[in-house]
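These notes concern the structure reproduced below.
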Number of protein chains: 2
Amino acid sequence: MKIRTPADLGAVIRDRRQQLKLDQAGFAEKIGVSRKWVIEIERGHPRAELGLVLRALDALDLVLDAGTGTARPRKASAVDIDAIVAKAKKGKT
Amino acid sequence: MKIRTPADLGAVIRDRRQQLKLDQAGFAEKIGVSRKWVIEIERGHPRAELGLVLRALDALDLVLDAGTGTARPRKASAVDIDAIVAKAKKGKT
DNA sequence: ACAAAAAGTCACCGATCGTTTACATTTCGC
DNA sequence: GCGAAATGTAAACGATCGGTGACTTTTTGT
């Protein structure tokens, strides 16, 4: 599942939590937050703390992967010419 | 890049920002936060707001994808028997 | 239908967020 | 080596987080 908004994140967490047959209380305890926090996250609370969110995902055995959104314009030279030239000028190989 | 900690997130953001040749000020303005916020996020601040983080990633054209961390134990029945049986009993198809 | 479990709501509170403005330090081109 | 641009620090401040505990509503099992 792609996550672009807090609501997306909430949905992912809730789905996975239920898949694992955990109730909010058990889940909250597992990640060390209050039950209130779980309720709010699943609701899509946009101001939740990053660290707690990552702990939650970890507890659900979920891992985030960041990738460029651009469909498939892949190929456009994996090398950054500018950067290489700049370094060359500096003599840094 | 897999993101498991706030520091991972910070690294991903910083790398991508530089790839895009944006300075902190420009980046901050683009996502509507203070420059300080950018500095802290790139440092791995664990209590950053989820919403702002998502806006930042979006501005960098990065998308998060949540996947189960378990290497490849894929296969274990994609169907949740219990859930299906439960629903059947309730008559919900 | 009923009781129990799970989920959601409320008010209060200390802690910390993110903003702003100004200054300090580091990095870069030339 | 200079000067400018980029990056990092600091202090003050209003706003909001997340925790707790008690209560209400919804869902679930039988």
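Convention: sequence-line order gives letters A, B, ...; per-chain numbering from 1.
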Establish whether Ile39(A) and Phe27(A) are linked, either directly or via other cluster members, by ILVMFWY side-chain heavy-atom contacts under 4.5 Å. no
Could you walk me through whether Ile3(A) and Asp65(B) pass the side chain to side chain contact (heavy atoms under 4.5 Å, CB included) test, one step at a time? CA-CA 6 Å; Ile3(A) 297 176; Asp65(B) 195 298; over 6 Å; no
With Leu20(A) as reference, evaluate Arg16(A), Gln18(A), Arg17(A) under the side chain to side chain contact (heavy atoms under 4.5 Å, CB included) test and give the passing residue. Arg16(A)
From dG18(D), dG19(D), dG18(C), nucleotide with atom closest to Glu40(B) side chain: dG18(C)
Should Leu9(A) and Ile41(A) be marked as a side chain to side chain contact (heavy atoms under 4.5 Å, CB included) after you check the CA-CA gap, both sets of side-chain angles, and the distance that decides it? CA-CA 8 Å; Leu9(A) 198 260; Ile41(A) 260 297; 4.1 Å; yes
Contact class for Val33(A) (heavy atom, under 4.0 Å): base, sugar-phosphate, or nothing? sugar-phosphate
Roughly, in whole Å, what's the span from CZ in Arg47(B) to C1' in dG19(D)? 12 Å
What is the distance, to the nearest angstrom, from the CZ atom on Phe27(A) to the C1' atom on dA7(C)? 15 Å
Side chain Arg47(A), main chain Glu49(B), donor-acceptor under 3.5 Å: no
For the backbone of Glu42(A) and the side chain of Arg14(A), can you confirm whether one donor and one acceptor N or O come within less than 3.5 Å of each other? no
Rounded to the nearest Å, what distance is computed from the CH2 atom of residue Trp37(A) to the P atom of nucleotide dT20(D)? 14 Å
For each nucleotide in nucleotides 4-11 of chain D, reading 5' to 3', give B when a protein heavy atom comes within less than 4.0 Å of its base, S when such contact involves only the sugar-phosphate, and - otherwise. --SBBB-B
Just do the side chain to side chain contact (heavy atoms under 4.5 Å, CB included) check on Thr5(B) and Asp8(B) with the steps written out, would you? CA-CA 5 Å; Thr5(B) 70; Asp8(B) 289 345; 3.3 Å; yes
For atom CD of Glu29(A) and atom C1' of dT20(D), their distance in whole Å: 15 Å
Under the rule of Watson-Crick or G-U wobble with both distances under 3.5 Å, where | means paired to another strand and [ ] a crossing pair, DNA chain C maps to ||||||||||||||||||||||||||||||
In terms of hydrophobic clusters joined by side-chain contacts under 4.5 Å, are Leu60(A) and Val63(A) together? no
Tell me: CD1 of Ile13(A) to C1' of dA7(C), nearest whole Å? 16 Å
When you measure from the side chain of Asp58(B) to the backbone of Leu54(B), do you find a donor-acceptor pair of N or O atoms at a distance under 3.5 Å? no
Would one find a side-chain N or O of His45(A) under 4.0 angstrom from OP1 or OP2 of dT16(D)? no
